[in-house]
Amino acid sequence: MFTNLIESDSHRQEFKRRSSFFLATIAAYALILAAAGVASIYAYDAHLEAQSTDLTLLSWVPPVAPVAPAVRPHDAAPIHRSAPSNAPVDRNVTVAERTNPTARTDDPSRVPDHPGTAPATEPPVSGPFRLGIRNVDPPSTGTNPTGDCVTCNGTAPVVRVDDTTTPPIPVVVKPPTQKLTSTMLIAKVVSLPQPPYPALARQIKVSGTVNVQILVDESGRVVTAHAVSGHPFLTKSAEEAAQRARFTPTVLNGQPVKVQGLITYNFVLQ
């Protein structure tokens, strides 16, 4: 086989011709595309002569509902910001007397003749007054319920406060449950039924002592009865008998109280 590749001159010339043809084709296509782009720009008609600068408004505009102004609390009722007059009260006069009457600073209907930064030495006055040699106010007769309020309309608001507070419920403190010994509890017995001997316990010859803890209410009736020791075959009969027991009510400081105690039942086979 051939160990070396020999390229002839004819092959080299053919490769050059192909390269030149490819470059010429690319250049031709680029020139055609550029010419087409320039021609499309000149051919486009934007109809500039038909356009105008007039502003066209919409023939329908959605209505806008008017917004009601918000009513603030101070718009409904005047606010009394002035302090009461510090002039002494004379019960012998019916109108205020002033040596040099001056209006209050919160009275917009009266403009001071000589405004300044220094406060007047005479107490301010509103309403009827007369010139005199002293500065006094008449006693309040209650005919002017709004006092010295210059922006009030003469009718004072009446606020009615109903006492709807629920009276407190009295707390009754009950005395704690008293614990009695077996001897003391037996001393208060009115009725103490004997429990029947269970038949099953008799058949298997079960005997012994059963302790039943009871809770006695204020009237002497047994509220609860629970066996705390004893054979399971005997506890049920003992609890039922203790439930039927009755006792004398226990009184502590003149008030009946609940008591706790133990009743012992001794089951003996005969």
Side-chain angles (χ1 to χ4, degrees), residues 70-81 84 139-147 149 152 155-270:
V71 179
R72 295 174 294 178
H74 64 270
D75 294 336
I79 300 177
H80 185 205
R81 295 187 178 90
S140 177
T141 58
T143 57
N144 186 11
T146 59
C149 180
C152 296
T155 57
V158 179
V159 180
R160 178 179 177 181
V161 179
D162 296 331
D163 187 9
T164 58
T165 305
T166 304
I169 301 175
V171 179
V172 179
V173 180
K174 296 182 178 181
T177 304
Q178 302 296 317
K179 294 184 178 180
L180 301 180
T181 62
S182 299
T183 303
M184 297 176 61
L185 188 63
I186 294 300
K188 293 180 173 293
V189 169
V190 175
S191 174
L192 187 61
Q194 295 296 322
Y197 211 109
L200 182 59
R202 188 185 299 276
Q203 290 178 2
I204 61 178
K205 297 181 180 180
V206 174
S207 62
T209 303
V210 178
N211 292 323
V212 180
Q213 184 176 13
I214 62 173
L215 176 63
V216 183
D217 62 6
E218 294 84 354
S219 63
R221 300 174 62 90
V222 178
V223 180
T224 60
H226 178 67
V228 294
S229 64
H231 197 278
F233 287 175
L234 304 175
T235 55
K236 184 64 175 179
S237 179
E239 289 175 352
E240 293 177 353
Q243 192 75 40
R244 299 192 303 270
R246 297 293 180 268
F247 298 87
T248 304
T250 303
V251 180
L252 180 63
N253 296 328
Q255 183 178 359
V257 296
K258 294 180 180 180
V259 294
Q260 285 183 346
L262 287 175
I263 300 179
T264 302
Y265 295 98
N266 191 12
F267 292 83
V268 180
L269 287 173
Q270 295 181 355

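Numbering of residues begins at 1 and proceeds along the displayed sequence.
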Only counting residues at least two apart or in another chain, list the ones meeting side-chain contact (heavy atoms from CB on, under 4.5 Å) with Ser191.
Pro193, Arg246

For residues 204-211, tabulate all N or O donor-acceptor pairs below 3.5 Å that involve a side-chain atom, not counting sequence neighbours.
residue: Asn211; atom: OD1; partner: Thr264; partner atom: OG1; Å: 2.9
residue: Asn211; atom: ND2; partner: Ser229; partner atom: OG; Å: 3.1

Residues two or more places apart in sequence or in another chain: which of them pass side-chain contact (heavy atoms from CB on, under 4.5 Å) with Gln260?
Thr177, Lys179, Gln213, Leu215

Please list all pairs meeting side-chain hydrogen bond (donor to acceptor under 3.5 Å, both in side chains) that have one or both residues in residues 215-226, counting only residues at least two apart or in different chains.
Asp217-Ser219

Minimum-distance pair of heavy atoms, taken over all atoms of Lys188 and Pro249
NZ-O, 4.4 Å

A side-chain contact here means heavy atoms from C-beta on lying under 4.5 Å apart; do Leu269 and Arg202 qualify?
yes

What one should report as the nearest heavy-atom pair of Ala225 and Ile214 is CB-CG2, 4.0 Å

Once side-chain contact (heavy atoms from CB on, under 4.5 Å) is applied, do any residues pair with Leu192, and if so which ones, sequence neighbours excluded?
Ile186, Val189, Ala245, Ile263, Tyr265

For residues 230-239, run the donor-acceptor check on the side chains, cut-off 3.5 Å, and write out each pair with its distance to 0.1 Å, sequence neighbours left out.
residue: His231; atom: ND1; partner: Phe233; partner atom: N; Å: 3.1
residue: Thr235; atom: OG1; partner: Pro232; partner atom: O; Å: 3.2
residue: Ser237; atom: OG; partner: Pro196; partner atom: O; Å: 2.6
residue: Glu239; atom: OE2; partner: Ala227; partner atom: N; Å: 2.9

